[in-house]
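Lettering follows sequence order; numbering is per chain, from 1.
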Amino acid sequence: MTKKDIFLNGAFRENSVWKQILGICSTLAVTNLMLNSLIMGLGLTFALALSSFTISLIRNYTPRSVRMIAQTLIIAAYVIIVDIILKAKLPDISKQLGPYVGLIITNCILMGRAEAFASKYPPLDSLIDGIGAGAGYTLVLLVISFIRELFGFGSLFGVKVLGSWWTNWSIMVMAPSAFFLLAMLIWIINNKYYKVG
Amino acid sequence: MGISAFLLFWAAIFTSNILLTNFLGMCSYLSVSKEVGSSLGLGVAVTFVLVFTTALNWLAYQYLLVPFNIVYLEYIVFIIVIAAFVQLLELIVERYAPALYYTLGIFLPLITVNCAIFGVSLFMVIRNYNFLQSIAFGAGSGLGWLLAILMLAGIRAKLKEKLIPAGLRGAGISLIITGIMALAFIGFSGIAPIQ
């Protein structure tokens with residue numbers, strides 16, 4: 001597989017969210033504002049790419065029996081870095097994201113990529129796979145948060161785009177809309193992209 | 001801090017259900033909810049583990065992380081506490097209650113990576129709960145999660161024979177059902193506000 005294939009596979013064909021249904025928690029929780037989604041996506045991509053790289057570097061020296069705990073600790077270390085950077089540079093957004101930054105550790109995407117890719121392939125390929133999967137995840141977050149912020153607040157990235165005539169749909173800010181929108185996204189992609197049924 | 005432990009327990013089940021309003025524990029929720037029996041087993045195991053790990057993490061946070069000023073290590077400490085507790089529980093159950101091990105034991109490894117467990121510990125720190133509140137919050141969140149997965153499993157069992165568009169089968173339809181459940185649970189909000 002070429003590097004480009006690895007990237008595209010991670011981002012589209014084997015997209016973690018819509019194909020493998022992983023990492024749903026944060027996909028639903030942080031998507032009420034586009035800015036939060038973007039920061040969350042970048043944070044996850046950073047942690048995912050670097051932890052894949054590191055796990056792949058030590059893949060030949062890790063005994064199978066302690067593999068899981070070693071992977072978890074490596075992931076946790078990078079997530080702590082993300083958390084500290086966010087707290088220092090973007091304290092407001094860090095507060096809004098709340099526990100969901102820390103929850104990147106238990107995000108199934110990271111463990112999934114570590115198991116499925118990084119523990120088998122060389123470091124550089126794993127790095128690209130991590131960036132690809134992170135990009136795919138960020139893409140889904142941005143699509144859902146675009147709809148939720150536009151209809152829920154009449155704004156995009158915090159900038160008002162719909163005039164004063166617009167009445168905010170409060171349902172879009174609340175939890176149920178996240179479930180419905182993700183379901184619709186999965187449905188559309190299954191039909192149009194994978195040609196199911 | 002004003003909210004009593006008793007109120008917090010009910011609020012965690014209904015008004016701010018860990019799954020339906022905070023979206024935690026979605027992965028195992030979607031994959032295990034095919035059968036009512038295994039949903040019940042996993043739900044009970046999650047509740048049990050939640051009560052104990054929340055209590056342990058509270059102690060670890062107050063008596064280890066805060067005094068030594070290493071709060072930034074909370075993620076690693078919490079994860080290790082959860083993983084160690086689950087491992088220990090698995091050994092104990094296998095040794096002393098083999099019958100229970102065969103019904104619940106298979107779910108225990110799944111729990112370590114269930115984000116509801118880790119998320120409840122993080123919420124506990126962010127919201128400054130005291131020891132009693134933490135236990136009540138852990139128990140309520142676990143029961144709330146159990147309630148949500150049981151409802152989904154029941155509805156999915158009914159849907160087995162129904163004609164569902166091919167692209168929606170599996171995760172898609174489960175998410176829509178969950179959305180409708182979340183919509184119903186909004187009706188509870190305001191009874192006991194949490195925070």
>> If you count heavy-atom pairs within less than 4.5 Å of chain A, which of B/Phe78, B/Phe185, B/Tyr75 leads?
In response: B/Tyr75
> Are the side chain of A/Thr31 and the backbone N or O of A/Leu28 linked by a donor-acceptor pair below 3.5 Å?
Replying inline: yes
> Which bit of B/Ile80 comes within less than 4.5 Å of chain A, counting heavy atoms only: side chain, backbone, both or neither?
Replying inline: side chain
> Is B/Trp58 reaching over with its side chain to a backbone N or O of B/Tyr129, donor-acceptor style, under 3.5 angstrom?
Replying inline: yes
>> Between A/Ser177 (side chain only) and A/Met172 (backbone N and O only), is there a donor and an acceptor less than 3.5 Å apart?
In response: yes
> Using non-hydrogen atoms only, which part of A/Asp83 is less than 4.5 Å away from chain B: side chain, backbone, both, or neither?
Replying inline: side chain
>> side chain to side chain contact (heavy atoms under 4.5 Å, CB included) for B/Ile13 and B/Trp10? Distances and angles first, verdict last.
In response: CA-CA 5 Å; B/Ile13 299 179; B/Trp10 293 107; 4.2 Å; yes
> With a 4.5 angstrom heavy-atom cut-off, which part of B/Leu24 approaches chain A: side chain, backbone, both or neither?
Replying inline: both
> If you count heavy-atom pairs under 4.5 Å between each of A/Ala29, A/Gly23, A/Ala77, A/Ala76 and chain B, which one has the most?
Replying inline: A/Ala29
> When you measure from the side chain of A/Ser56 to the backbone N and O of A/Ser52, does any donor-acceptor pair fall under 3.5 Å?
Replying inline: no
> Short question: side chain of A/Glu149, backbone of A/Phe146 - any donor-acceptor pair under 3.5 Å?
Replying inline: no
>> Quick check on B/Leu30 against chain A: is it the side chain, the backbone, both or neither that has a heavy atom closer than 4.5 Å?
In response: side chain
> Side chain, backbone, both or neither: which part of B/Ile186 has a non-hydrogen atom closer than 4.5 Å to chain A?
Replying inline: side chain
> With only heavy atoms counted, which part of A/Ile171 is less than 4.5 Å from chain B, the side chain, the backbone, both or neither?
Replying inline: side chain
> Between A/Ile186, A/Ile189, A/Ile24, A/Leu103, which residue shows the highest count of heavy-atom pairs closer than 4.5 Å to chain B?
Replying inline: A/Leu103
> Is it the backbone or the side chain of A/Ile105 that comes under 4.5 Å from a heavy atom of chain B, or both, or neither?
Replying inline: side chain
>> Less than 6.0 angstrom from the centroid, inside 45 degrees of the normal: does A/Lys19 satisfy that with respect to the ring of A/Tyr194?
In response: yes
>> Less than 4.5 Å to any heavy atom of chain B: does that hold for the side chain of A/Met68, its backbone, both, or neither?
In response: neither
>> Can you confirm if the aromatic rings of B/Phe137 and B/Phe9 lie within a centre distance of less than 6.0 Å?
In response: no
